[in-house]
**Student:** 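This is the structure I have questions about; it appears just below.
We count ligands from 1, going down the list as the structure has it; atoms in each ligand are counted the same way.
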Amino acid sequence: MPANLPPEYIEAELRFRAAKSPEEKLAILRELMALVPKHKGTEKLRVELKRKWAKLQEEVQQHQKKQKGGRGPSYDHIEREGAGQIALVGLPNCGKSSLLAAVTNARPEIAEYPFSTFRPTVGMMPFEDIQLQLIDLPPLSEFTEPWVYSIIRQCDLVALLIDLSSETPAEDLMTALEWLEKARIRVVGHTAPSLSVEGAGTVKRALLLGTKSDVAQAAQRVQELQSITDGQFRVIAVSTVSAEGLGELGKALFAGLNVVRVYTKKPGQPWRKELPYVLPAGSTVTDVARAIHKDLAEKFVYARVWGSAEFPGQRVERTYIVHDGDLLEFHE
Ligand SMILES: Nc1nc2c(ncn2[C@@H]2O[C@H](COP(=O)(O)OP(=O)(O)OP(=O)(O)O)[C@@H](O)[C@H]2O)c(=O)[nH]1
Ligand SMILES: [Mg+2]
């Protein structure tokens with residue numbers, strides 16, 4: 001073993017030896033890989049760890065296949081629930097799992113050491129009368145498995161977490177963006193006019209969450225992030241310790257999803273607060289009708305709108321664009 005390994009490495013190495021299941025071993029191995037200093041003297045060791053890692057990956061898959069008595073787990077797709085699917089993305093240890101635990105009922109593993117998450121965890125975050133689906137993921141790094149990127153490609157919004165306790169938040173942001181670019185995922189901010197960027201692969205809307213905002217210098221680091229992204233991204237400071245920013249998080253995520261909620265009722269019936277239909281911003285009353293029933297979309301002649309219309313109950317045409325909070329009544 002090369003000299004000058006940090007004591008945390010030695011300690012993790014002991015845990016690695018004592019670990020029983022391949023899953024546990026794999027988790028500790030990821031720690032070891034993160035802890036080993038990167039210089040010439042540790043080159044052999046790093047190669048050795050990577051070799052072990054590849055072998056363990058296989059073992060974990062075999063082990064899980066056996067336990068399930070069938071196919072191994074496939075994380076490539078997570079069924080969408082609620083008003084939108086939001087992926088929590090970031091470098092190791094930046095606070096993804098802590099955030100999920102703070103704003104949903106999910107109980108992911110949280111640890112002081114990096115690489116503690118290695119499978120997706122889903123939680124539902126209540127926001128006003130709807131729920132937002134949050135997915136906690138393993139971190140972005142050279143060990144990120146392809147399924148992580150598959151999930152990011154499919155989500156509706158990326159929440160890119162940057163650790164404000166890091167002394168180099170701007171660099172960390174660039175590193176995270178580079179990992180995404182390598183997987184041909186480009187993230188754009190809320191001001192981006194369109195989601196098509198030529199030759200960029202997948203383009204996703206994102207907002208930046210500066211995590212651990214309870215630490216000293218957090219405010220200054222938020223400013224730094226804001227200025228290097230030239231205002232392109234919204235940066236929201238959050239802390240699971242002081243709860244700063246958690247209250248406004250739902251609103252910010254909802255805005256980032258770029259959707260509207262509309263409520264409907266049948267003519268002659270009183271308004272009752274019912275669950276809204278959630279549609280992409282820019283949807284028309286015809287799109288709402290289609291979401292209710294294909295036949296209704298064909299049959300209705302006009303709709304009445306309360307909310308965004310000039311006066312309550314205004315009669316509008318099929319191409320009228322609905323707004324968040326509108327109440328609609330369809331007339332056949
Ligand atoms: N001060 C402070 N520490 C935090 C906050 N959120 C998380 N942490 C700490 O940061 C460490 C990492 O938290 P996790 O939530 O496991 O981070 P993660 O991004 O899920 O980590 P990986 O899954 O390993 O990539 C833990 O020690 C947390 O207690 C916060 O708001 N403030
Ligand atoms: Mg985690």
**Student:** Closer than 4.0 angstrom, basic N to acidic O: yes or no for Asp136 and Lys96?
**Tutor:** no
**Student:** For Glu298, is there an ion pair with Arg290 - N to carboxylate O distance below 4.0 angstrom?
**Tutor:** no
**Student:** Verify whether one side chain among Asp214 and Ser242 offers a donor that lies under 3.5 Å from an acceptor in the other.
**Tutor:** no
**Student:** Taking NZ, NE, NH1 and NH2 as the nitrogens, is one of them in Glu13 or Arg17 under 4.0 Å from a carboxylate oxygen of the other?
**Tutor:** yes
**Student:** Establish, for the pair Lys50 and Trp53, whether the NZ or CZ atom is under 6.0 angstrom from the six-membered ring centre and no further than 45 degrees off its axis.
**Tutor:** no
**Student:** Under the criterion salt bridge (charged side-chain N to carboxylate O under 4.0 Å, His left out), which of Glu145, Glu23, Glu142 is the partner of Arg30?
**Tutor:** Glu145
**Student:** I'd like to know if the side chain of Ser213 pairs up with that of Glu244 as donor and acceptor (distance under 3.5 Å, no hydrogens or angles considered).
**Tutor:** yes
**Student:** Do we see a donor-acceptor contact under 3.5 Å between the side chains of Ser308 and Tyr320?
**Tutor:** yes
**Student:** Using a strict cut-off of under 4.0 Å between a residue heavy atom and any atom of ligand 1, list the qualifying protein residues by chain and number.
**Tutor:** Pro92, Asn93, Cys94, Gly95, Lys96, Ser97, Ser98, Ile110, Ala111, Glu112, Tyr113, Pro114, Phe115, Ser116, Thr117, Pro139, Lys212, Asp214, Ser239, Thr240, Val241
**Student:** With a 4.5 Å limit on heavy-atom distance, are the side chains of Phe233 and Leu207 in contact?
**Tutor:** no
**Student:** Taking only protein atoms, how many N, O or S atoms are found under 2.8 Å from the Mg ion (ligand 2)?
**Tutor:** 2
